[in-house]
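All remarks here apply to the structure that follows.
As a basis for the values below, the full set of heavy atoms in this structure was taken, side chains included, without hydrogen atoms, waters or symmetry mates. Chain letters run A, B, ... following the sequence lines, proteins first and then strands; every chain starts at 1.
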Amino acid sequence: MITSAHFMVLSAVLFFIGAVGVVTRRNLIVIFMSVEIMLNAGNLAFVAIANRLGTIDGQTIVFFVMTVAAAEAAVGLAVIIAMFRNAETIKADELSSLRW
Amino acid sequence: MSPLIFYPVAAAAVLSALAVVTARSPVRSAMALVATLVSLAACFAMLQAHLVAALQIIVYAGAVMVLFLFVIMLLNLQDDPPETGRAGLRFGAGGVAVVLAGGFAKVLWEHSAGDGAVLAESFGTTKVVARSLFSDYLVPFELTSVLLLVAVVGAVVLARRDDAPGQD
Amino acid sequence: MSLWAIGAVKSLLVLVFVLQLSAFLLWIERKGSALIQNRIGANRANIFGVVPFNLGFLNTLVADPIKMFTKEDFIPAGCDRFLHALAPFMALFPALITFAAIPFGDSIVLGGETVELRVVDLDVGLLYILAMVSMGVYGAVIAGWASNNRWALLGSIRGSAQMISYELAMGLALVSVVLSYGTLDMQDMVHAQGRTVLGFLPAWGVFFQPVAFIIIFVAGMAESKRVPFDIPEAESELIAGYFTEYSGGKQASFMLADFAEVVVVAGLVTTLFFGGWQFPWLAADGFHLPLMGTIEVSALVVTLLQLMAFSLKVLFFCWLQILVRWTVPRFRYDQLMDLGWKGMLPIALANVVFTAALILARGEGS
Amino acid sequence: MSVISKDPALLHDGDEPDNRAISEIVELQMGPSHPATHGTIKFNLKLDGETVIACDTEVGYLHRGFEKMCEQGTWTQTIPYTDRLNYASPLINNFLFCEAAERLAGVTVPERCSYIRTILSEMSRVADHLTCLGMSATEVGAISVGFYMVEAREILYNLSQHITGARVTVSYGRIGGLTRDLPDDFEERMRAAIAHTRTVMGDAEKLLERNRIFIQRMAGVGIISKEDTISYGITGPLLRATGVRRDLRKDEPYMMYDRVEFNVPVGTKGDNWDRFSVRFEEVIESLKIIEQLLGQIEPGPVKVDDPTIYMPDKAKVYNSIEGLMAQFKIVIEGVRIPAGEIYFAGEAANGELGFFLVSDGSGRPYRVRVRPPCFYAMGALAQMLVGGGIADIISTFGMINMIGGECDR
């Protein structure tokens with residue numbers, strides 16, 4: 001029998017996979033995608049808790065997370081495009097100067 | 001919830017998430033992330049959150065990820081070179097992550113073991129979620145619309161060129 | 001166990017329906033375009049020289065697949081082999097499973113068990129369709145990227161921008177549809193269209209949401225990437241757009257996906273606006289004709305009539321799309337975007353506001 | 001033939017005055033094996049997104065050495081080569097070459113011959129415009145209209161086959177006349193073809209001229225100014241689309257064009273829509289011309305009665321020594337045209353088609369120079385394309401009606 005606990009564990013695993021991606025990758029877009037994995041792991045935890053507690057609030061919060069993620073993706077990708085235009089790279093290591 | 005469905009879905013989610021982090025080509029990473037998101041949508045459906053599952057695919061897999069792919073294509077990103085010289089960092093990060101994930105999982109498992117609440121038939125339907133969203137969370141809901149507007153304006157300002165028409 | 005069996009049978013039924021109709025549409029398109037253009041069209045198929053006679057529409061059902069799948073599967077140099085092979089499936093799969101949420105008949109009683117005549121019973125059926133439609137974009141995007149060809153890449157960038165833009169208008173139009181039906185469940189919507197208004201007119205959605213119908217039909221055609229919205233594959237500009245570098249079975253999959261999307265759009269429009277499987281004036285117990293009283297019909301006949309009504313309506317809208325495809329020229333990229341963002345999106349938005357205001361005024365909300 | 005965007009900084013390496021990264025400019029080679037470029041032309045494009053910021057047109061993927069080939073044979077042997085100049089309207093090329101050679105030789109053809117040449121020239125012009133309009137419509141996606149027009153053209157081609165024996169490689173003209181007279185049922189079939197073409201043009205008008213998508217695709221695209229058009233040496237519908245009322249049939253009448261009434265349609269802006277409308281109207285006018293000429297034409301000889309210019313009848317060849325000698329001289333030595341040179345141009349379907357002929361008095365042309373209408377438009381093409389989108393290349397290139405055979409240099 002699968003309970004919400006299984007989903008919580010899955011959520012924890014996904015969260016740390018995302019965290020490893022953020023720490024080890026240098027490509028900004030991949031870092032960004034790793035952040036999305038972490039956000040989604042959080043979403044999964046929320047939904048699992050909603051299921052366990054029998055209250056709907058967990059699912060409602062997921063909406064807000066999704067909205068924030070969409071907004072963040074739009075702005076973040078715009079930032080990446082602007083950076084690429086100026087610096088011709090999206091490697092995190094090479095974007096070390098504060099201005100160009 | 002049948003283990004026959006859960007374990008394949010969970011395995012797909014974990015493996016595709018690993019692919020996101022390890023793939024050399026950004027497009028492959030993005031496609032793997034789409035797979036992760038779809039697997040998570042399946043998880044949501046298993047947790048009686050049909051609306052959230054549908055929105056997950058529409059918003060995340062259908063819109064946000066297409067945006068990612070669009071940007072990758074726009075920038076014409078080539079495959080990353082194999083990363084060298086930071087093996088220590090990668091193995092260290094991996095090791096720490098495994099330990100932390102194990103700890104988290106143990107805590108979560110112990111604190112959420114056992115049966116959960118008995119769910120009503122209507123749990124997770126559009127009606128119930130909408131009622132919660134438009135009564136208890138009305139103010140945050142309205143605030144997100146402002147957030148989205150700000151994001152749209154911000155994205156346009158950031159990504160536009162200096163020579164774009166309409167600028168003086 | 002029987003639940004699984006019934007589910008499997010239903011899935012198979014719908015899959016065969018969509019696939020066969022798609023292949024049939026290819027023939028209709030060939031012969032139909034020939035009819036429109038005073039030509040004869042495809043009129044012979046000679047398989048390995050052993051079938052000397054004219055196979056008629058079996059051309060496309062038998063000869064074409066054999067031809068397509070026995071051709072060389074060409075993989076261009078320098079492409080991403082995995083994604084190149086994945087793309088046709090990414091195009092075909094969402095197109096095929098979208099139909100699962102579309103009901104093709106009323107619930108029937110089979111061996112003491114009530115069977116809903118659709119593949120999945122979802123209370124968020126409409127969102128499921130929107131979700132699957134939004135997944136369809138990946139086929140085009142990945143195909144263009146993996147082909148290592150600038151024409152293909154241009155095609156897929158055009159395709160993804162176009163599909164995202166039109167999804168928006170489509171989604172907003174669907175909002176007003178949902179507002180007026182008060183449900184996301186497509187079976188409930190079809191049931192709601194079984195009534196009559198003014199005593200004789202079937203209560204089809206098109207009479208209540210004509211604007212939404214036009215927007216969804218147009219956006220649906222844009223999603224299926226056919227003329228006048230075929231700029232991702234515009235053969236005279238981008239050679240074949242995102243599937244320039246495809247051949248053989250993979251290209252056949254793209255073509256099949258295109259036609260499956262045509263079927264899906266027809267099914268969606270039928271279900272939302274033209275009464276789905278409802279046969280006009282036919283209720284579960286027989287015909288209730290205006291002015292002429294009631295004619296009793298047995299349950300089996302009712303079910304068959306409903307299935308027939310659904311198929312004919314879907315076929316009609318498929319034909320309408322083919323007719324449009326052979327009548328008008330192709331848009332230009334910026335004009336297409338203008339139509340989507342400056343034309344259909346504001347209209348759809350205004351339609352939502354108007355519908356909501358109307359519902360509020362009539363006090364139907366609460 | 002390279003035109004660079006108004007903003008030259010875009011193409012320079014090094015510092016960018018705007019923040020447009022070099023990697024955003026995509027180089028694309030369109031053609032020669034591209035569906036729209038007929039296999040005979042290539043565009044080297046620089047694209048910023050969908051916008052063409054630089055274009056370099058390469059002609060020359062078709063090279064046969066037309067002029068040199070003409071100079072190898074006798075005057076009569078040149079005629080089949082002219083068929084291959086503009087393969088959509090071969091009769092016009094045929095007749096204009098013959099007219100030029102006749103003027104150099106000082107020969108006047110009988111009236112009926114001139115009438116037939118005029119009628120068939122207009123028939124060819126209709127066929128050429130139908131091809132151009134239909135294929136342009138097809139290339140912007142209105143495939144059905146293309147098929148309607150091709151069907152009408154097919155009737156004209158069949159008629160051409162009935163008259164000359166061939167659809168494209170007609171070789172119908174001869175110096176001093178025609179190979180043979182028109183068949184008896186010509187007028188009947190010509191009138192049927194005119195009626196069908198009118199029907200098709202009516203359908204096309206409904207499907208295209210009032211179609212907003214088509215108008216949007218065409219209007220305001222590929223604009224070139226009147227002055228630029230003239231300075232590039234562009235003639236024909238492309239020039240008239242800019243508002244210049246220049247038509248050699250009106251301005252310097254030849255054949256029987258001074259005996260018919262017709263309008264010269266002109267445009268205003270010189271965009272693709274004007275080009276489309278001009279060609280469209282010209283089809284209607286040509287049909288009127290043919291009808292007028294069909295009413296005027298009288299029976300009579302179709303060739304000059306001069307054995308040094310035109311071969312005598314077979315009966316004479318077989319039965320008289322003079323006839324046999326005349327035939328032998330024309331076949332072996334060619335028609336002897338007095339030494340001199342001439343430039344003669346007429347209005348072909350795409351503009352001024354001129355032949356500059358130099359004769360040294362022998363039976364072979366000393367020099368044949370052709371001034372094809374399409375070649376000059378190729379020079380201006382890049383200027384028309386820069387600033388537009390990829391999709392605009394298709395409509396502009398379609399309306400220019402590039403004929404590979406004429407760009408043969």
Side-chain angles (χ1 to χ4, degrees), chain A residues 1-21 23-27 29-30 32-34 36-37 40 43-44 47-54 56-57 59-60 62-64 66-75 77-82 84-85 90, chain B residues 1 3 6 10 13-14 17-18 20-21 26 29-30 33 36-37 40 43-44 47-49 52 55 59-60 63-64 67-68 71-72 74-75 80 83 89-90 93-94 97 100-101 104-105 108-109 112-113 115-119 124 128-129 132-133 137 140 144 147-148 151-152 154-155 158-159:
Chain A
M1 183 62 194
I2 304 296
T3 63
S4 51
H6 289 79
F7 290 96
M8 299 295 287
V9 172
L10 176 61
S11 142
V13 172
L14 286 177
F15 186 87
F16 283 100
I17 291 175
V20 169
V23 174
T24 57
R25 295 300 298 263
R26 299 189 223 185
N27 187 325
I29 287 192
V30 178
F32 210 163
M33 289 196 278
S34 305
E36 296 290 335
I37 295 182
N40 267 281
N43 278 355
L44 182 60
V47 173
I49 289 169
N51 182 278
R52 179 175 167 76
L53 299 181
I56 204 70
D57 302 64
Q59 293 191 15
T60 316
V62 172
F63 283 91
F64 297 116
M66 276 186 195
T67 322
V68 171
E72 165 228 324
V75 177
L77 289 172
V79 169
I80 290 178
I81 289 177
F84 187 78
R85 283 228 178 92
I90 55 161
Chain B
M1 279 169 277
F6 173 77
V14 171
L18 282 173
V20 174
V21 175
S29 276
L33 185 52
T36 314
L37 296 173
L40 282 177
C43 290
F44 293 157
L47 287 166
Q48 289 261 311
V52 175
L55 286 176
V59 175
Y60 254 124
V64 173
L67 205 60
F68 270 93
V71 169
I72 294 171
L74 200 69
L75 303 184
D80 292 348
E83 303 206 11
L89 171 67
R90 278 183 289 144
L100 282 176
F104 258 64
L108 288 171
W109 177 261
S112 55
D115 291 336
V118 179
L119 301 178
V128 176
V129 179
S132 158
L133 196 61
Y137 293 93
T144 53
L147 174 72
L148 282 175
V152 168
L158 281 169

Between [X] and [Y], which heavy-atom pair has the shortest distance, and what is it?
X	Y	value
A/N27	B/P26	ND2-CG, 3.8 Å
A/A71	B/L148	CB-CD2, 4.1 Å
A/S34	B/V21	OG-CG2, 4.3 Å
A/L44	B/C43	CD1-CB, 3.7 Å
A/M33	B/L33	CB-CD2, 3.6 Å
A/A74	B/A155	O-CB, 3.7 Å

Could you list the residues that satisfy ring-ring contact (aromatic ring centres under 6.0 Å, His included) with A/F32, not counting sequence neighbours?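 B/F68.
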
State, with a plain yes or no, whether a side-chain heavy atom of [X] is found less than 4.5 Å away from one of [Y].
X	Y	value
A/V13	B/F104	no
A/E36	B/L37	no
A/N43	B/L40	no
B/V129	A/F63	yes
B/T36	A/N40	no

Is B/Y137 in contact with chain A via its backbone, its side chain, both, or neither, using a 4.5 Å heavy-atom distance?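 Both parts, backbone and side chain.
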
Which atoms of B/A30 approach chain A - backbone, side chain, both or neither, heavy atom under 4.5 Å: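 Contact with chain A involves both backbone and side-chain atoms of B/A30.
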
[X], part contacting chain B, at a heavy-atom distance under 4.5 Å:
X	value
A/A19	neither
A/L14	side chain
A/I17	both

Taking every heavy-atom pair that is under 4.5 Å apart, which of [options] has the most such pairs with chain A?
options	result
B/V52, B/V152, B/V59, B/V20	B/V52
B/L55, B/I72, B/V128	B/L55
B/S132, B/G154, B/A63	B/S132

Could you please spell out the steps behind the side-chain contact (heavy atoms from CB on, under 4.5 Å) verdict for B/L133 and A/F64? CA-CA 10 Å; B/L133 196 61; A/F64 297 116; 3.8 Å; yes

About how many Å separate NE2 of A/H6 and CG of B/L47, when rounded to the nearest 0.5 Å?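 Going from CG on B/L47 over to NE2 on A/H6, the span is 12.0 Å.
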
Taking every non-hydrogen pair under 4.5 Å, which of A/V68, A/D57, A/V79, A/I80 racks up the most with chain B?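 Result: the option with the highest number of such pairs is A/D57.
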
